[in-house]
Asks: 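Starting off with a structure, shown below.
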Amino acid sequence: MKDSENIHINRIGGSTIAEILGYSPWGSPHSVYLKMIGEYQGTPSNSAMDRGVALEPVVATMFGGNHPEFVVENYGLIQHPEYEFLTGSPDRVLIDKETGELAAGLEIKTANIITSNEWGEEDTDQIPYHYLFQCMWYAGLLGVPRWYLAVAFFLSESRRVKQYREYVVEFDQTLFDVMLSRAVEFWNQHVVPRNPPEITVADPASVSYYKRRYPSHSNQMWLVPSEEVEKEAC
């Protein structure tokens with residue numbers, strides 16, 4: 001039996017690659033490690049997640065209306081041909097209507113209108129880094145030249161779309177190779193040997209996990225020990 005067959009069913013995908021690279025506001029390498037070994041099952045559903053699920057088909061339809069050259073289709077799991085633990089679950093794929101061939105992919109996002117200034121000019125790749133890496137990851141795994149991202153900005157506490165924008169990420173082989181290398185390194189150095197990476201930031205996922213595991217512990221923020229304390233602890 002291969003070592004990887006003993007690992008928890010979780011795999012490294014589009015939503016976790018940015019955490020491994022240190023570019024996600026939702027997690028860190030340490031929280032990814034907890035997910036991979038089955039110690040952390042993810043964030044419970046909330047209103048923002050429910051809104052995203054409800055609006056996804058709406059946004060997909062809006063994108064399709066702007067791009068008659070494509071057939072917008074659902075797609076299942078992508079798996080790297082060499083590394084079975086590297087996967088992706090794209091929102092949609094785009095089929096060229098003239099050739100019938102897979103042409104690109106589509107990621108669908110929803111965001112509060114107050115965060116719209118974090119997004120750049122339309123039809124560019126000026127999007128938050130964690131989404132950029134996600135799109136690049138899917139494009140590399142699927143072998144397509146570009147990945148579109150459609151985002152619907154909504155009013156707070158509602159499902160009403162206030163603004164709609166489209167972006168496009170052109171595939172970069174060099175960047176994808178770096179991402180691939182980092183993902184494989186993370187798996188082999190941390191997940192397989194059960195060797196947790198250093199906690200470098202108090203990311204929401206890790207903090208939530210440790211609060212549940214140690215409920216009687218202090219609710220203080222993470223503290224950086226003094227040099228004297230570190231010396232005594234060594």
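One is the number of the first residue; the rest follow in order along the sequence. Remember, it's a predicted structure, so these values are computed and weren't measured experimentally.
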Asks: Please check if Val178 and Leu180 belong to a single hydrophobic cluster, counting links between Ile, Leu, Val, Met, Phe, Trp and Tyr side chain heavy atoms closer than 4.5 Å.
Replies: no

Asks: Can you list everything that forms a salt bridge (charged side-chain N to carboxylate O under 4.0 Å, His left out) with Arg182? Sequence neighbours excluded, please.
Replies: none

Asks: Please list every donor-acceptor pair under 3.5 Å in which a side-chain atom of residues 54-63 meets a protein atom from a residue at least two apart or in another chain.
Replies:
unit_1	atom_1	unit_2	atom_2	d
Glu56	OE2	Arg92	NH1	2.7
Thr61	OG1	Pro57	O	2.9

Asks: Examine Ile20 and Tyr129 and state if one hydrophobic cluster contains both, with Ile, Leu, Val, Met, Phe, Trp and Tyr joined whenever side-chain heavy atoms are less than 4.5 Å apart.
Replies: yes

Asks: Just wondering, do Tyr131 and Trp147 contact through their side chains at under 4.5 Å, heavy atoms?
Replies: no

Asks: If two hydrophobic side chains count as joined below 4.5 Å and joins carry through other members, does Leu141 share a cluster with Leu77?
Replies: no

Asks: Does any part of the side chain of Leu102, heavy atoms only, come nearer than 4.5 Å to the side chain of Ile95, both counted from C-beta?
Replies: yes

Asks: Please report the closest heavy-atom contact between Ala104 and Arg146, naming both atoms and the distance.
Replies: CB-O, 3.4 Å

Asks: To the nearest 0.5 Å, how far apart are CD in Glu39 and CG in Asn10?
Replies: 11.5 Å

Asks: Is it the case that over 12 heavy atoms from other parts of the model lie below 6.0 angstrom from the CZ atom of Phe176?
Replies: yes

Asks: How long is the span from the CG atom in Asp96 to the CD atom in Glu98, to the nearest 0.5 Å?
Replies: 6.0 Å

Asks: Let's go through Val71 and Leu94 carefully: what are the C-alpha distance in whole Å and the side-chain angles of both, what is the deciding distance for side-chain contact (heavy atoms from CB on, under 4.5 Å) to 0.1 Å, and is it a yes or a no?
Replies: CA-CA 6 Å; Val71 176; Leu94 306 176; over 6 Å; no

Asks: How many angstroms lie between CE in Met36 and OG1 in Thr16, if you round to the nearest 0.5 Å?
Replies: 5.0 Å

Asks: Working to the nearest 0.5 angstrom, can you tell me the gap between Ser89 OG and Tyr75 OH?
Replies: 11.0 Å

Asks: Side chains of Val169 and Leu132: does their closest heavy-atom pair fall under 4.5 Å?
Replies: yes

Asks: Please name the pair of heavy atoms, one in Val144 and one in Ala103, separated by the smallest distance, quoted to 0.1 Å.
Replies: CB-O, 3.9 Å

Asks: Which value, rounded to the nearest 0.5 Å, describes the distance between Gln79 atom CD and Phe85 atom CZ?
Replies: 10.5 Å

Asks: If you draw a 6.0 Å radius around CD in Gln173, do more than 12 non-hydrogen atoms from other residues or ligands fall strictly inside?
Replies: yes

Asks: Does Glu19 reach the main-chain N or O of Pro29 with its side chain, forming a donor-acceptor pair under 3.5 Å?
Replies: no

Asks: Which class fits the ring pair His80 and Tyr83: parallel under 30°, tilted 30 to 60°, perpendicular over 60°?
Replies: tilted

Asks: Considering only heavy atoms from C-beta outward, does the side chain of Lys162 approach that of Phe154 to under 4.5 Å?
Replies: no

Asks: Before giving the answer on side-chain contact (heavy atoms from CB on, under 4.5 Å), spell out for Phe133 and Tyr23 the whole-Å C-alpha distance, their side-chain angles and the decisive distance to 0.1 Å.
Replies: CA-CA 9 Å; Phe133 291 133; Tyr23 282 92; 3.5 Å; yes

Asks: Using the side-chain contact (heavy atoms from CB on, under 4.5 Å) rule, take Ile78 and Trp137 through it: C-alpha gap first, then chi angles, then the decisive distance, then the call.
Replies: CA-CA 10 Å; Ile78 314 169; Trp137 186 251; over 6 Å; no

Asks: Side chains of Trp187 and Val192: does their closest heavy-atom pair fall under 4.5 Å?
Replies: yes

Asks: I want to check something: taking the side chain as every heavy atom from C-beta on, are Val184 and Leu86 in contact at a cut-off of under 4.5 Å?
Replies: yes

Asks: Rounded to the nearest 0.5 Å, what's the gap from CD on Glu122 to OH on Tyr164? Could you check?
Replies: 8.5 Å

Asks: I need the minimum non-hydrogen distance between Gly76 and Pro90, along with the two atoms involved.
Replies: O-CD, 3.7 Å

Asks: Residues in side-chain hydrogen bond (donor to acceptor under 3.5 Å, both in side chains) with Asn66, at least two apart?
Replies: Glu166

Asks: Can you list the steps and then say if Tyr167 with Arg165 is a side-chain hydrogen bond (donor to acceptor under 3.5 Å, both in side chains)?
Replies: CA-CA 7 Å; Tyr167 297 86; Arg165 298 183 196 171; 3.1 Å; yes

Asks: Is the closest side-chain heavy-atom distance between Phe186 and Pro197 below 4.5 Å?
Replies: yes

Asks: Please tell me whether Leu142 and Leu175 are part of a single hydrophobic cluster in this structure, the criterion being side-chain heavy atoms less than 4.5 Å apart.
Replies: yes

Asks: What's the shortest heavy-atom distance between Phe171 and Ala139, and which atoms?
Replies: CD1-CB, 3.9 Å

Asks: Without swapping roles, check the side chain of His30 against the backbone of Glu198 for a donor-acceptor pair under 3.5 Å.
Replies: no

Asks: Is there a side-chain contact (heavy atoms from CB on, under 4.5 Å) between Leu34 and Val32? Walk through the geometry before answering.
Replies: CA-CA 5 Å; Leu34 294 175; Val32 173; over 6 Å; no

Asks: To check you understand the geometry: which heavy-atom pair defines the closest contact between Gly64 and Val72, and what is its length?
Replies: CA-CG2, 4.0 Å

Asks: For a quick test of reading the model, state the closest non-hydrogen atom pair linking Leu21 to Met179 and the distance between them.
Replies: CD1-CG, 3.9 Å

Asks: Does the distance from a Lys or Arg side-chain N to an Asp or Glu carboxylate O, for Glu69 and Lys97, drop under 4.0 Å?
Replies: no

Asks: Under 4.5 Å between any side-chain heavy atoms of Tyr138 and Glu107, yes or no?
Replies: yes

